[in-house]
2 protein chains.
Amino acid sequence: MNANPVSNANSSAPESGAPASASGSSTAAPAASPSPTFSPLYQQIKGLITQSLESGEWKPGEIIPSEVELAARYKVSQGTVRKAIDELAADNLLVRRQGKGTFVATHNEERAQFRFLRLLADDGAEHPHVSRLLECRRLRASAEIARQLDLKPADPVVLIKRLLQFDGESTVLDEIWLPGGVFRGLTAERLAEYKGPLYAMFEADFGTRMIRATEKIRAVAAEPAVADLLNVPAGFPLLSVDRVSYTYGDRPVEVRRGWYVTTGYYYQNDLS
Amino acid sequence: MNANPVSNANSSAPESGAPASASGSSTAAPAASPSPTFSPLYQQIKGLITQSLESGEWKPGEIIPSEVELAARYKVSQGTVRKAIDELAADNLLVRRQGKGTFVATHNEERAQFRFLRLLADDGAEHPHVSRLLECRRLRASAEIARQLDLKPADPVVLIKRLLQFDGESTVLDEIWLPGGVFRGLTAERLAEYKGPLYAMFEADFGTRMIRATEKIRAVAAEPAVADLLNVPAGFPLLSVDRVSYTYGDRPVEVRRGWYVTTGYYYQNDLS
DNA sequence: TAGTGGTCTAGACCACGTG
DNA sequence: ACGTGGTCTAGACCACTAT
């Protein structure tokens, strides 16, 4: 009854006599301070579940143990693991399905794709797109890329250039930098043959799951080289989207610069 | 023990005999289907609290009754109102402050301002800005504006044009349309004298609180008139931001077209 | 010291998806 | 019929803020 994962003093249950309620965190006699580093139990459980996700104990798309099972495993009540799972579901790491179970989120779901490419046609419809690989090579990180990927300058990186076509129109040009260490086996062939979202391949083939990203958006005039690839005149206004994506532990694992043609399409954002 | 707000059949407590579990919603005899319109208790409570917010029973910045008080008022357990408040806090309608109470959110808070103007300087800092009123007049809604504001064409609307200056540089040009009925007393004088965010004035003076908004973002070439006001050459690439803001009940109450100069500044977006 | 939100538990019952 | 997540309750205790 007292083998909690990290322990924050949690022994309720009027078992033997002893009212027992030793209260929080400090251990020795005079009690240094009330709670220097207090962390709720459900947060600790959340951390443990996250570890299992990161280690691959439960893979994307798979079901995880039921709430009762996890409660038994961690020696806490069902309500506590429930609150932990609630937050992980809110963070898009898990997906609950009533009557079935709780599943590890994956970038293959319809819903997940829109989170990272928010381009809609003027009529509001979500158009399918095809990717055309332009380039994929390994090189040494520039100072700027190294900084953003938390690498050392001249560390190996992979550079991918690709074109996204909506209804046959070239609409998005992407330059993608990935840390060479993590994406060791990534080749142009593998990229060319793969259908579906890049992030789905990353999580399936390289065990690297994109959790969140930040984007810096600007309006810029198309440089000649870019304009050429996107079939617009030089100087044409483009949306410039600088993205950094993070995986578990908020470690950056992708830097991406995109140019979007926004005639007929727009970037959708919800402020809520 | 049985005066619940909407009733979904919820009488636990082994009181008298009767197992009692008449189950959900349908009223007449043969019971159409198991639960055609099931809504959890806490959702109903959430609705009741929202009504009180909308009606002005608790105003922005004010404290609302404690969880125990609300539980007594609605005849439910504290845990149920807690879950209702949790969601309202997640929706940014309420703000919880441990040890103090729960408060009605307001657009005056530091935190709230960034939700609706996500422009940061290249160094990542959030710069203060001043607003310069260019125009404020009443007119009849065009077909397009009427549609977006859910009005009839030629209904009265207010049009505001203003310039936002960051560090003295003209950076944002806004055209704002508001329904004339709701914003009856809005004048250029009132606008000119008011310091602070527009939305803070709207909620204080007109009882209209912006809850959420959607934005459609494009890159466009500056038209001469716009370019002139923003001190950029005609044809300069600008961020075009089309916003529709909604209040309680998802009713649209503002349409806004903004042009942003993104040299030295960028639009920040978080995908999570 | 008292009041507020925050955490944790334990148990009952409901809705949903399978057999 | 059974197992899963989803709702609801009741009560205990903790952490924070004010008086």
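Model, not experiment: these values are computed from the prediction.
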Please report, rounded to the nearest Å, how far the [atom2] atom of [N] is from the [atom1] atom of [X].
{"X": "A:Lys83", "N": "D:dG6", "atom1": "NZ", "atom2": "C1'", "answer": "16 Å"}
{"X": "B:Lys46", "N": "D:dT7", "atom1": "NZ", "atom2": "C1'", "answer": "15 Å"}
{"X": "B:Phe38", "N": "D:dG6", "atom1": "CZ", "atom2": "P", "answer": "12 Å"}
{"X": "B:Tyr42", "N": "D:dG5", "atom1": "OH", "atom2": "C1'", "answer": "12 Å"}
{"X": "A:Tyr74", "N": "C:dC8", "atom1": "OH", "atom2": "P", "answer": "15 Å"}
{"X": "B:Gln43", "N": "C:dA15", "atom1": "CD", "atom2": "P", "answer": "15 Å"}
{"X": "A:Asp86", "N": "C:dG6", "atom1": "CG", "atom2": "P", "answer": "15 Å"}
{"X": "A:Leu94", "N": "D:dG5", "atom1": "CG", "atom2": "P", "answer": "11 Å"}

- side chain to side chain donor-acceptor pair (under 3.5 Å) filter on B:Gln113, not counting sequence neighbours, yields none
- Query: Which residues pass the side chain to side chain donor-acceptor pair (under 3.5 Å) test with B:Asn92, sequence neighbours left out?
  - Reply: none
- Task: Would you confirm whether A:His107, through its side chain, and A:Met210, through its main-chain N or O, come within 3.5 Å as a donor-acceptor pair?
- Result: yes
Is [X] salt-bridged to [Y], going by a charged N under 4.0 Å from an acidic O?
{"X": "B:Lys46", "Y": "B:Asp91", "answer": "yes"}
{"X": "B:Arg212", "Y": "A:Asp270", "answer": "no"}
{"X": "B:Asp174", "Y": "B:Arg256", "answer": "yes"}
{"X": "A:Lys216", "Y": "B:Asp122", "answer": "no"}

- Residue set satisfying salt bridge (charged side-chain N to carboxylate O under 4.0 Å, His left out) with B:Arg118, at least two apart, ordered chain then number -> none
Write down the protein N/O and nucleotide N/O pairs, taken from nucleotides 3-5 of chain C, whose separation is under 3.5 Å; answer none if there are no such pairs.
unit_1, atom_1, unit_2, atom_2, d
C:dG3, N2, B:Gly99, O, 3.0
C:dT4, O2, B:Gly99, N, 3.4
C:dG5, OP1, B:Thr102, OG1, 3.3
C:dG5, OP2, B:Glu67, N, 3.0

- Message: Using five base pairs at each end to define the local axes, how bent is the helix from C:dT1-D:dA18 to C:dT18-D:dA1, to the nearest 10°?
- Response: 10°
- Message: I'd like to check the side chain to side chain contact (heavy atoms under 4.5 Å, CB included) partners of B:Arg97; sequence neighbours left out, ordered by chain and number.
- Response: B:Val95, B:Lys100, B:Phe103
